[in-house]
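Presented below is the structure to which this report refers.
Order of appearance sets the numbers: ligands from 1, and atoms from 1 within every ligand. We count residues from 1, following the sequence as given.
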Amino acid sequence: MLKFTRVFRRSYSIVHEGLLTQDVLSKYNLDPKKGFCQFELESKLNEAISSMGWRKPTEVQLNLIPSVLCNHNCIVSAAAGTGKTGAYLIPTIQKLVEAKQTLPELVTEEEISKEKLKIYNPDAILLVPTNDLCKQVHNEFQKLTVGNEWLRSIVLTKDSSMRTDLLNFAKFKDHRVVIGTPVKLYQHFLLTYQIMNSMEASKNIEDEIDIKFDIKRHAVLNSMNLRYFVVDECDRMLNLGFLPLVRNLTSLMNSIGKSKKDYVTVSVSATLVQSVHDFVINLSPSHVLLDLNAKMEIPKNIQQHFFSITEDNKFEALKFLFSLNEEEKFSLKVKNSLFDFENKKVVIFVRSSTKADYLASTLKKMKVKAASHHKNVPLKRRNYLVLIGTDLLSRGVDIPNLTHSVILDPHYLGEEYIHQVGRCGRLGKPGMSITFVNKEPIMEKIGFVKTKLVELRHLKNISDLLNREINLSQLPGFEPKKNELPAHIEQEANKILKLNNDEFKLSDKCQHSSAFLLQVVKKKSEKENKNFIPFDELPFYDEMKIKNNERKLKKKLPQLNLEASKKVILSSQSSLSNINSKITIENNKKVKEKSKENKNKSSPPFKESTVRKLHPSLKNVKTEQKKKYITVDNDYESIKLHQVESQALVWEQQMEQRTMSSKKPGQEYVKKEFEHKRKVIDRK
Ligand SMILES: Nc1ncnc2c1ncn2[C@@H]1O[C@H](COP(=O)(O)OP(=O)(O)OP(=O)(O)O)[C@@H](O)[C@H]1O
């Protein structure tokens, strides 16, 4: 059963609610004003700490260091950038230095040549969620072990192959610490398990495992000597779906090392959610809970700003922030220092790696030193001022003197915001977070799935987590325009604009774009999403199937009455005319010429079937109303509509004339014919 030990409140303010256990308090006379000497650390470790410029322990260090030194399992949460890495590294190093005498001898050549399974037994395993964070922790570890260089660490990430790792285990048997990602560590423990099992059962190792294992040169990872097991960013691990993996990893580790619960477990995160508690139960039954960020607050040194910006304007707004001239900056600075991005280190969070790359290249064109970081691009720490990344960048990444966190696409998880904002204003330095929120829902492809994203909901998650109301402000010059279409409609319409004319025939493009707009605006007027067909799903792409698709489209296309059609044209005029004028501007002349030719011909320009095919949405539109409908005539679509309409009118007039003059024999027949034709037109 999980047992949290809560002790009494400290007299000084920096230590939060009763956190430290009695034995810790009686052993150490803790004082936040005193330096690291209060922990009675080994002299070289003390020197290394002071050479890093760390004078006094931070709050989390003051709590965690003595607790680990007293061998307590700990769950710790503290705001981002408060020195958690040092807080778990310092006591681990101290304990390993103390135990130096008991270290195994270096492996000798003779030993290596024996046909015996070599085992690498580290004293500490630090589980870190991503490759870049592993490297960051490794760097900090190296700095803290200056003077104690014998205490090295091996990094296990996807950057090295399994065989290289196995070679390193044999070669660097004296390296006491392993820093690795869950996947790589799991792979190694599984391999050890398989090899040990096959050896026990006197089976051929090669038959049992996929890797070419060289028993003379390779060693396997074991946890027999394990004394410290640290899970950094543990809620991140859970969010990334590593929970089953980490569970399997620990159970493998325990069964191989036969060291169940012999080691001290430290679980660290900036945000402590219930799932972390549940997860920790599996690691160790009793824990000291050092919850220094229970309220999940953003440190006061970080200014937070939330702006309402439409999806299409987000990049523009960002570019605007970067490209303000001195005068503009000055005028805006009067109100807010927010706009001063010059020579500042900025981190920008976006939803996808494609967006990150696009934005980085756009900013580079503006001569801003920008770089992107996501799963395909490793973290570059030099020569840039602006780093653009996905949520991979939000955890643990420590960039000194970073002042601005810009969240272009707010994450659906509220706690992610805390981590993203935590990249700036670290350790009490001034920082500023800017979050852009698109009020309209948008459809976006995430991986292979098209998802409806409602950023207002994400904002609510943030406000629920921070337990405060969040008001959206307007960025000057980016206020919403009147009669603006909802962002998701604009977004879809813009996709149409980006298509090349070669992709399909102009007529099809116009027809479908207008059909699409008619459809989405119908949706808008009905204020429901059920019949909404995203652009990508409209049957445009395969020219060969266009006829079939048209039939499908007709079925899908909701029936429009005049009012709806008129609204389409009027309310979406900007988009429609945008689309039509932009798509057809070059082709307009040709089209007009064609239409003139058609008009000049005595025979009607379209056959009845063509009219029906051309504009299925004309169905149910009555003659008088049709005249009003033909209001916009400076683009191709309306010209076409005009032709269709005028043709329809011509027919009607013809029929009416025939009816008028048909008070002769055969009148009945003509009347019937007229009624029939009228029905046909009405159906059109
Ligand atoms: N006692 C200290 N005095 C001064 N600087 C410190 C101290 N402890 C840590 N730092 C520095 O503070 C910065 C943030 O530390 P660290 O990355 O460990 O924070 P963190 O709490 O792990 O952040 P995150 O939640 O983002 O992972 C680092 O640059 C580190 O070198």
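- Side-chain contact between Phe306 and Leu459 is present, with at least one heavy-atom pair separated by less than 4.5 Å.
- Looking from atom 21 (O) of ligand 1 to the surrounding protein, the closest heavy atom is Lys84 NZ, 2.8 Å.
- Regarding atom 12 (O) of ligand 1, its nearest protein heavy-atom neighbour is Leu427 CD1, 3.0 Å.
- Aromatic rings from Phe169 and His188 are positioned such that their centres are separated by under 6.0 Å.
- A heavy-atom separation below 4.0 Å is found between Glu233 and ligand 1.
- Under the 4.0 angstrom criterion for non-hydrogen atoms, His419 is not in contact with ligand 1.
- At least one N/O-N/O distance between Thr82 and ligand 1 falls below 3.5 Å.
- Of the heavy atoms in Arg423, only side-chain atoms (C-beta onward) come closer than 4.0 Å to ligand 1.
- Nearest protein neighbour of atom 30 (C) of ligand 1, counting heavy atoms only, is Trp54 CZ2, 3.8 Å.
- Nearest non-hydrogen protein atom to atom 18 (O) of ligand 1 is Thr85 OG1, 2.8 Å.
- Residue Gly81 holds the heavy atom nearest to atom 23 (O) of ligand 1 of all those in Gly86, Gly422, Gly81, Ala87.
- More than 12 heavy atoms of other shown residues, nucleotides or ligands fall within 6.0 angstrom of atom NZ in Lys135.
- For ligand 1, the atoms sitting less than 4.0 Å from at least one non-hydrogen atom of Arg426 are 14 (C), 16 (P), 17 (O), 19 (O), 20 (P), 23 (O), 24 (P), 26 (O), numbered in the order shown with element in parentheses.
- Nearest non-hydrogen protein atom to atom 29 (O) of ligand 1 is Asp398 OD2, 2.5 Å.
- What sits closest to atom 8 (N) of ligand 1 on the protein, heavy atoms only, is Gln61 NE2, 2.8 Å.
- What you find for Ile302 and Ser433 is that their closest heavy atoms are CG2-N, 4.1 Å.
- Classification of the Phe229-Tyr263 ring pair by plane angle, with boundaries at 30° and 60°, yields perpendicular.
- Counting heavy atoms from C-beta outward, Tyr412 and Arg457 have side chains that stay 4.5 Å or more apart.
- The heavy atom nearest to atom 15 (O) of ligand 1, considering only Ser269, Ser77, Ala78, Gly83, is found in Gly83.
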